[in-house]
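Below is one structure, written out as structure tokens; comments come after it.
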Protein chains: 2
Amino acid sequence: MPLLMLKDLPRYECLLEAARSFPDLDPSACEAFLNLLRAGDEAYRQSESFFSEHNISPGRFTVLMLLSGTLGREPLPQTPAELAEKAGVTRATITGLVDTLERDGLVRREHDSDDRRMMLVHLTQKGHAALREILPGHFKRMAALMAPLSEHERKTLVRLLDKVAGQASAMGPGARSQSQAAAV
Amino acid sequence: MPLLMLKDLPRYECLLEAARSFPDLDPSACEAFLNLLRAGDEAYRQSESFFSEHNISPGRFTVLMLLSGTLGREPLPQTPAELAEKAGVTRATITGLVDTLERDGLVRREHDSDDRRMMLVHLTQKGHAALREILPGHFKRMAALMAPLSEHERKTLVRLLDKVAGQASAMGPGARSQSQAAAV
DNA sequence: AAACGATGATTAGCCGCCTAACTACTTGGC
DNA sequence: GCCAAGTAGTTAGGCGGCTAATCATCGTTT
């Protein structure tokens, strides 16, 4: 998540003191929120750093994953609109990502035969090979990052994060709307 | 965190099945990792949506917060290098952010009198007023997002996220290095 | 006094996100 | 058959991140 963010978060004690001047400041909510942004950003930068070693970006990797279908199965061509919906970005963004993936030979576009407004984006053999090369290291990196947490702690983390994500969706603007997708 | 990310994460059962084809895939680590990215992204988008109502971006907001010093205290002029270090971005990025903040009259730059290589960035009165206008709503939004979690769950979340962030730092490339900063 | 190495900030160009507008195409009503 | 409305994808421009290069400045050495 390339986004500007503080490297060191304020201590809880500082938040308590700040709450004196700002009655709307809930110290524990603030602390949790900032820690979530920071951990999410660091997790993203970890994957970004790893992907750059393979000359790909997280966004392009996600597009390749969506086109590969369920892991180990048949590639699944999709339209830019479908990719955008599943990835939670705009169709304009997908155009840019597919442009560079096509330039590098990892995907190819073709018009739908029935409706020429629509494109189908296909994973190429080269794209498939690129994924197979990247995935083991990606999974190792994920596992390494989560190594300090026990199985129980991971389940707890997922449960708490899901609560927050659910609330973000319920709060509306800014959160990604519901859709069905499966890709790692 | 404007970054491309899946809207709906794969179910744990799908990860278990995928692990058959990819021995490096640790299902619980993968699930936790993806949930962290998604929740972090949604939290970021929540704040981004809120800030856009005030014609500011999260990055610029962070710069203003760093210049305001500890909440409620005296503004604290800083150099672009200090801002970059504390925010965990490059000096080039800070140049761009300060450019637009200066254009909008929220900050001003002046050369350091002793060393003219260095700039000092000051928060203006207008910038200070903008912060005071934004902060109550920002804190309310944070509190609303974290409302589904009890105090105990928030503490647990912070503890688990801190473990992950610590591990990211230990893993090196991609993670933000340690520095001292306090700003909300 | 001049040269050199280092530092701080900025600039240039790329990438990935956005919104808004545009182009190509499809569908349905008349 | 024509036209209006809507859809899909792309383009243009802005913003915020990056790297690498450039410019201005400082301190040290000769």
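All values below were derived from every heavy atom in this structure, side-chain atoms included, with hydrogens, water molecules and symmetry-related copies excluded. Note on naming: letters A, B, ... go to the chains in the order of the sequence lines (proteins, then strands), and numbering restarts at 1 for each one. Keep in mind the model is a prediction, meaning the values are calculated, not measured.
As a whole-Å value, the separation of Glu48(A) CD from dG16(D) P is 17 Å.
With rounding to the nearest 0.5 Å, the separation of CG in Asp162(A) from OG in Ser169(A) is 9.0 Å.
Side chains of Val121(A) and Thr79(A) form no contact here, defined as non-hydrogen atoms less than 4.5 Å apart. Looking only at side-chain heavy atoms (C-beta outward), Asp41(B) and Arg38(B) stay at 4.5 Å or farther from each other.
A side-chain donor-acceptor contact under 3.5 Å links Gln167(B) to the backbone of Ala144(A).
Partners of Ser28(A) under the side-chain hydrogen bond (donor to acceptor under 3.5 Å, both in side chains) rule, at least two apart in sequence or in another chain, are Asp26(A), Glu151(B), Arg154(B). Partners of Glu153(B) according to the side chain to side chain contact (heavy atoms under 4.5 Å, CB included) rule, which considers only residues two or more places apart in sequence or in another chain, are Arg159(A), Leu160(A), Lys163(A), Leu149(B), Ser150(B). Under the side chain to side chain contact (heavy atoms under 4.5 Å, CB included) criterion, Arg108(B) pairs with Glu110(B), His122(B), Thr124(B), sequence neighbours left out.
The six-membered or imidazole ring of Phe51(B) lies near that of His138(B), with a centre-to-centre distance under 6.0 Å.
Nearest-nucleotide positions on DNA chain D place Met118(A) closer to the 5' end than the other of Met118(A) and Asp99(A).
Distance from the side chain of Arg60(A) is smallest for dC15(C) among the nucleotides dC15(C), dG9(D), dG17(D). Between dG16(C), dT10(D), dC18(D), one nucleotide has an atom nearer to the side chain of Leu97(A) than all others, and that is dG16(C). Distance from the side chain of Thr95(A) is smallest for dT11(D) among the nucleotides dC18(D), dT11(D), dA9(C). Among the nucleotides dC17(C), dT10(C), dC15(D), the one closest to the side chain of Arg103(B) is dC15(D).
Within a heavy-atom distance below 4.0 Å of DNA chain C, the residues of residues 107-117 of chain B found are Arg109(B), Arg117(B).
Ion pair Lys126(A)/Asp104(A) not flagged as a salt bridge, since none of the NZ, NE, NH1 or NH2 atoms sits closer than 4.0 Å to an Asp/Glu carboxylate oxygen. For the pair Asp99(A) and Arg60(A), the salt-bridge criterion is not met [side-chain N within less than 4.0 Å of a carboxylate O].
Between Ala168(B) and Gln46(A), the closest heavy-atom pair is O-NE2, 3.1 Å.
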Give me, pair by pair, the N or O atoms of the protein and of nucleotides 20-22 of chain C that are less than 3.5 Å apart, along with how far apart they are.
none

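Rounded to 10°, the helix from dA1(C)-dT30(D) to dC30(C)-dG1(D) has 30° between the axis fitted to its first five pairs and the one fitted to its last five.
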